[in-house]
Amino acid sequence: MDPKRLSSSSQQQVRLRQKRTKREWRPLEDRSCTDLPWFLLFTVFCVGMGSICGFTIVTGGAARLVFGYDSYGNTCGQRNEQIEGVRLSGLDHTDRKFVFFLDPCNIDIVQRKIKSMALCVSLCPTEELKTYQDLKRFAMVNGSELCSYELAAHRYPVLEQRTTKCPKLPVPPSKPLPVFNRCTPVDISCYARFAEAVVTFVGDNSVLHRLIAGVAASKEIIIGLCVLALFLSMILMVIIRYISAVLVWILTSLVVLGSLAGTSVLWWLYIDYRLYGNDTSSKVLKEAKEEVEVTRDSGQALLVYAVAATVFTIILLLLMLFMRKRVALTIALFHVAGKVFIHLPLLTLQPFVTFFALLLFWIYWILVLLFLGTTGNPVENEETGLTEFRLTGPLQYLTWYHAVGLVWISEFILACQQMTVAGAVVTYYFTRDKNRLPVTPILSSVLRLVRYHLGTVAKGSFIITLVKIPRLILMYIHNQLKGKENACARCMLKTCICCLWCLEKCLNYLNQNAYAATAINSTSFCTSARDAFVILVENALRVATINAIGDFVLFLGKILIVTTTAFAGVLLLNYQRDYAEWLLPLIIVCLFSFLVAHCFLSIFEIVVDVLFLCFAIDTKYNDGTPGKEFFMDKALMEFVESSRRLERAVERGRSRVKEVASEGAEIKPMAPGTSSA
């Protein structure tokens with residue numbers, strides 16, 4: 001074969017490889033489905049989650065939870081089938097719709113369940129029954145037998161089994177729970193042991209009652225303060241672009257002044273020791289030589305601390321000097337992010353949508369988990385002798401499948417939020433004329449997500465699940481072994497948990513940028529993650545600056561919202577003098593305000609990160625010349641222009657230095673003895 005053809009074909013292959021490795025970014029040009037196999041896998045997994053719910057309904061687990069069942073396996077309010085090996089099963093409880101516990105205060109604190117025998121009754125006792133004669137009269141008048149089914153109601157006072165198969169006297173008045181038909185005592189004082197186990201920090205019941213009374217009396221104020229925190233969070237997302245520059249430079253000044261002050265104090269202590277410590281040491285020398293060694297060690301330690309602080313301060317000042325441009329980039333990004341929320345006001349609704357989606361899923365997940373707790377084969381409890389329903393054999397792994405679903409689907413919902421926000425911000429950034437933005441960029445981003453990129457979101461959330469589940473398992477093991485394991489095992493467990501947590505945070509950040517890259521180029525998850533990683537590595541210093549300074553500014557924003565809400569709460573709660581304790585309402589308000597601020601400012605953080613990725617791509621592939629115009633906002637354009645002016649000034653300075661050096665070489669005098677005769 002002709003070698004020329006071989007060389008030409010090899011050159012074509014090299015060009016193709018270069019095109020593959022140096023693929024250009026083409027924002028919003030082409031759209032195609034990404035990671036379709038992962039979408040199918042996630043769909044199959046969700047079908048499995050739904051099948052678990054269907055299985056619990058078909059096998060009666062859901063009915064047992066809602067209607068309740070007695071200690072013989074009979075479901076209340078319906079006709080039952082005989083269970084082999086279980087006496088008194090298969091009874092007709094059509095008229096007995098309520099579950100009654102013979103000893104409702106017999107609570108297993110570890111397992112968090114009532115250990116008492118349960119019966120199906122037609123009516124809950126509304127009055128206190130003090131004697132077995134009262135039990136007999138209640139059964140004869142109301143037709144509701146409160147003792148075991150095999151005991152005749154008219155013989156309650158004389159039966160020997162009354163102490164084990166009749167309720168514990170006195171029987172407290174009770175009423176049925178709505179939806180869940182359980183007879184619950186009206187006076188909850190019998191649950192004091194359970195309350196003490198849950199609320200371990202409260203030693204005095206009167207304190208607990210006063211705290212609860214304070215919450216009940218100030219519920220209107222609590223709701224108003226929560227609304228105030230919500231309003232402040234939404235306002236801060238818009239105005240933070242005006243105060244970000246002040247916050248950033250205040251932070252920078254405090255860090256520099258703090259490091260200088262700390263270094264100065266250490267050197268002052270060392271000089272003070274050198275001036276006045278020698279006299280003391282000379283006196284101590286006559287008394288004991290060991291104390292002199294301690295004094296010398298103290299002086300050496302002060303010297304080491306002072307030198308280390310000096311080195312740290314010098315490095316910090318150099319970093320501030322070289323990274324001042326990147327600090328300006330952070331301020332510009334915050335400014336543009338504020339504009340994004342003005343042009344895309346529906347972004348402020350994203351935390352609500354995500355919260356309600358998570359809330360609905362968590363409610364569904366808890367209900368199905370409760371259904372699983374009453375699903376399975378009837379098994380006799382060896383300790384109590386009562387009949388319980390448990391999953392046996394392969395069915396017991398349904399609970400594990402359900403637990404994995406909690407993590408994966410929760411991460412999937414959060415990833416959908418990230419992809420939606422990224423898609424809207426990408427549309428805003430790469431639209432040159434902001435007046436020609438789509439009517440609803442958020443809804444357009446949601447539609448693109450549902451139509452093209454659900455597979456990418458499923459894959460990214462699954463990777464986070466693979467890291468989070470082992471961490472949760474290790475945390476559970478560490479909690480169970482608390483006080484039992486040795487120091488080495490405890491250290492190893494904490495180290496593994498910490499490493500997995502760090503890995504999860506890094507993957508979360510990379511996933512977020514991968515979703516933004518997918519929103520730009522419509523590429524698969526792995527391709528988007530690789531491209532985003534390359535961009536981030538090329539701008540590593542900028543990324544570090546934006547994350548460090550930006551996160552601290554957002555943290556200050558959260559503290560501002562919490563403190564403002566807490567201050568308003570102190571004024572209002574102090575004005576309201578109908579109760580003595582308002583500490584718990586204030587704690588509730590502060591926790592809620594921090595949660596709300598975190599949710600809203602997390603959206604702001606996503607917007608800043610996506611803007612930075614778009615900015616890095618824009619500056620890499622465009623230079624402002626005709627045909628390669630920038631997409632960026634005016635604030636970012638000013639930053640680029642100032643950076644270019646600074647670079648040109650540096651280049652001019654370097655060229656002048658070279659010219660001076662060359663001129664000096666030309667006018668260098670000739671060495672003696674080399675002149676012509």
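When L391, T375, T374 are each tested for a side chain to side chain contact (heavy atoms under 4.5 Å, CB included) with T59, only one passes: T375.
Under 3.5 Å, the side chains of W362 and S410 contain a donor-acceptor pair of N or O atoms. Between the side chains of R530 and T523, no donor-acceptor pair is found at a separation under 3.5 Å. A donor-acceptor contact closer than 3.5 angstrom links the side chains of T354 and Q417. T34 and S524 form no side-chain donor-acceptor contact under 3.5 Å, judged by distance and modelled atom types alone. Side chains of T518 and S528: a donor-acceptor N/O pair is present below 3.5 angstrom, by distance only. N80 and Y69 share no side-chain donor-acceptor pair at under 3.5 Å.
No side-chain heavy atom of R390 sits less than 4.5 Å from a side-chain heavy atom of N377. The side-chain heavy atoms of L560 and T564, taken from C-beta on, include a pair separated by under 4.5 Å. Between P351 and I603, the closest side-chain pair of non-hydrogen atoms falls below 4.5 Å. Counting heavy atoms from C-beta on, the side chains of F55 and L395 come closer than 4.5 Å. A 4.5 Å side-chain heavy-atom check between Y515 and V610 finds every atom pair outside the cut-off. No side-chain heavy atom of M492 sits under 4.5 Å from any side-chain heavy atom of T495. With contacts defined as side-chain heavy-atom distances shorter than 4.5 Å, the pair I535/E538 qualifies. In this structure, the side chains of L472 and K468 come closer than 4.5 Å at one or more pairs of heavy atoms.
Between atom OG of residue S444 and atom CG of residue L449 there is a gap of 12.5 Å, rounded to the nearest 0.5 Å. For the atom pair CZ (F371) and OH (Y364), the distance works out to 9.5 Å, reported to the nearest 0.5 Å. Considering OG1 of T348 and CD1 of I442, their distance stands at 9.0 Å, rounded to 0.5 Å. Distance check, rounded to the nearest 0.5 Å: CE of M419 to OG1 of T456 gives 5.5 Å. Rounding to the nearest 0.5 angstrom, the gap separating the CG atom in L474 from the NZ atom in K494 is 13.5 Å. Separating the CG atom in L613 from the CG atom in N513 is a distance of 5.5 Å, to the nearest 0.5 Å.
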### Query
Which is it for F430 and C614 under the side-chain contact (heavy atoms from CB on, under 4.5 Å) test, yes or no, and what are the steps along the way?
CA-CA 8 Å; F430 289 106; C614 295; 3.7 Å; yes
### Query
After noting the C-alpha distance and the side-chain angles of I57 and C53, does the key distance pass the side-chain contact (heavy atoms from CB on, under 4.5 Å) rule?
CA-CA 6 Å; I57 294 174; C53 180; 4.0 Å; yes
### Task
Start with the C-alpha gap between E411 and F462, add the side-chain angles, then the distance that decides, and say whether side-chain contact (heavy atoms from CB on, under 4.5 Å) holds.
CA-CA 8 Å; E411 292 295 331; F462 181 76; over 6 Å; no
### Task
Please step through side-chain contact (heavy atoms from CB on, under 4.5 Å) for the pair L414 and L358, ending with a clear verdict.
CA-CA 8 Å; L414 293 173; L358 287 172; 3.9 Å; yes
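Panel note: side chain N511, backbone A514; no donor-acceptor pair is recorded below 3.5 Å. Using modelled atom types, no side-chain atom of S445 and backbone atom of P441 make a donor-acceptor pair closer than 3.5 Å. S233 places a side-chain N or O within 3.5 Å of a backbone atom of A229 that can act as its donor or acceptor partner. In terms of modelled atom types and a separation under 3.5 Å, the side chain of W365 and the main chain of H402 share a donor-acceptor contact. Using a distance-only test at 3.5 Å, with no hydrogens or angles considered, no donor-acceptor pair links the side chain of N181 to the main chain of F67. In terms of modelled atom types and a separation under 3.5 Å, the side chain of R448 and the main chain of H453 share no donor-acceptor contact. A donor-acceptor contact shorter than 3.5 Å links the side chain of D70 to the backbone of N74. When atom types are taken as modelled, the side chain of S522 and the backbone of S32 share a donor-acceptor pair closer than 3.5 angstrom.
Taking the ring centre of F389 as origin, the terminal cationic atom of R64 falls inside the region bounded by 6.0 Å and 45° from the ring axis.
Nearest heavy atom pair, residue N539 against residue A616, reads ND2-CB, 3.8 Å. Nearest heavy atom pair, residue A529 against residue L510, reads O-CD1, 3.9 Å. Here the closest heavy-atom approach between residue G423 and residue A519 is recorded as CA-CB, 3.8 Å. When all heavy atoms are compared, the tightest approach of G68 to V99 is CA-CG2, 3.5 Å. The nearest pair of heavy atoms linking L225 to G569 is CD1-CA, 3.4 Å. The two residues P470 and V467 have their closest heavy-atom pair at CD-O, 3.4 Å.
Under the 30°/60° scheme for interplanar angles, the aromatic rings of F600 and F352 are found to stand perpendicular. The aromatic rings of F42 and W408 stand perpendicular to each other, their planes meeting at an angle above 60°, with 30° marking the opposite boundary.
The number of heavy atoms from other shown groups lying within 6.0 Å of NE2 (H598) does not exceed 12. The environment of Y401 atom OH is dense: over 12 non-hydrogen atoms of other residues, nucleotides or ligands sit within 6.0 angstrom. Crowding of F231 atom CZ: a count of heavy atoms from other residues, nucleotides or ligands under 6.0 Å not exceeding 12. Heavy atoms of other residues, nucleotides or ligands lying less than 6.0 angstrom from CZ of F361 number more than 12. Annotation for Y452: atom OH counts as buried by contact number, over 12 foreign heavy atoms lying within 6.0 Å.
Proximity of the aromatic rings of F341 and F604 is defined here by a centroid distance below 6.0 angstrom, and this criterion is met.
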